[in-house]
Number of protein chains: 2
Amino acid sequence: MAYDLNKFFKAISDPNRVKIMELLKDKELNVSEICQHFDMQQPSVSHHLNVLKNADIVAHSKRGKEVYYRLDSICITSCCNGFQEQFVEIEKLGKA
Amino acid sequence: MAYDLNKFFKAISDPNRVKIMELLKDKELNVSEICQHFDMQQPSVSHHLNVLKNADIVAHSKRGKEVYYRLDSICITSCCNGFQEQFVEIEKLGKA
DNA sequence: TTTACACATAGGAATGTATCTATATATTAT
DNA sequence: ATAATATATAGATACATTCCTATGTGTAAA
């Protein structure tokens, strides 16, 4: 899959979205569960989830009334590594 | 040095700034030389350079009338790797 | 010591983004 | 069928970002 790097980095340039990603680090959560960790209203959370989804950072599955979101770690590593490799010699990559 | 990840990702979320970074991949350039590769006016280029500088992505040195910019690859690898490690198990990091 | 050049800064217009409230849609339970 | 719940979408407002033109600042040459 060819990820859109600009879309990816725009998506992770928002602290609320990064916080959502942290919540999803090692478990699926539905929208209501995610909302409980924020002061924002549910439509704002849905908006952020949509941005993350369009950047392929999260995937979702509907189960009953709830929609569960989970992190796609392949996207994260692929985008971060791919970007670095544009600018830094491969042999230097692990160092910092 | 502790990089500001949000500032870093905002900075690289603009295609023109990424293009500047590409131009600086393995050589220093001054502002006029950078301008030649864009349709934007010089003040816009200066603005983008300032954003990159504030994110520690580029450094600059004044020599005579010219100001030369160069890429800080430590910042790039450190931010990209640091971000990944927030979300992905270390042993999976090289894979994607 | 003016003039020319390289770059930065200021201010404004157009566009994009985040958030809210209100409402639509889909699913389940009564 | 109707109501309740979970989520998404629409539209409005506030704020941020990008780009422009005009101008300021520092350095070198005439």
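Chain A is the first sequence line, chain B the second, and so forth, proteins listed ahead of strands; every chain is numbered from 1.
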*Within this structure, what is the CZ-to-C1' distance between A:R63 and D:dT7, rounded to whole angstrom?*
15 Å

_Separation of atom CD in B:E66 from atom P in D:dT27, rounded to whole Å_ = 12 Å

*Considering only heavy atoms of chain A and a distance under 4.0 Å, specify the first and last nucleotide of DNA chain C in 5' to 3' order that meet this criterion.*
C:dT17 to C:dT28

*So which of residues 37-55 of chain B are in contact with DNA chain C, with a heavy-atom cut-off of under 4.0 Å?*
B:Q42, B:P43, B:S46

_Contact list please: residues 6-32 of chain B against DNA chain C, heavy atoms, distance less than 4.0 Å, in numerical order._
B:N30, B:V31, B:S32

*If only side-chain N and O atoms of A:Y69 are considered, is one of them under 4.0 Å from the OP1 or OP2 phosphate oxygen of D:dA8?*
yes

*Counting only N and O atoms by type, is there a donor-acceptor contact under 3.5 Å from the side chain of B:D72 to the main-chain atoms of B:I57?*
no

*asked:* Please find the pair of heavy atoms, one from A:H37 and one from A:E33, that lie closest to each other, and give the distance.
replied: ND1-O, 3.1 Å

*Is the shortest side-chain N to carboxylate O distance from B:E28 to B:R63 below 4.0 Å?*
yes

*Cut-off 3.5 Å, side chains only: do A:K19 and A:N16 have a donor facing an acceptor?*
no

*asked:* Can you give me the closest heavy-atom contact between B:R17 and B:A11, atom names plus distance?
replied: NE-O, 2.7 Å

*Greater than 12 external heavy atoms within 6.0 Å of B:D39's CG*: no

*Is the ring centre of A:F83 less than 6.0 Å from the ring centre of A:F8?*
no

*To the nearest 0.5 angstrom, please state how far the CD1 atom of B:I76 sits from the CG atom of B:N81.*
11.5 Å

*Say whether, by atom type as modelled, one donor and one acceptor occur between the side chain of B:E85 and the main chain of B:G82 under 3.5 angstrom.*
no

_Polar contact flag, side-chain donor to acceptor under 3.5 angstrom, B:Q36-B:S32_ = no

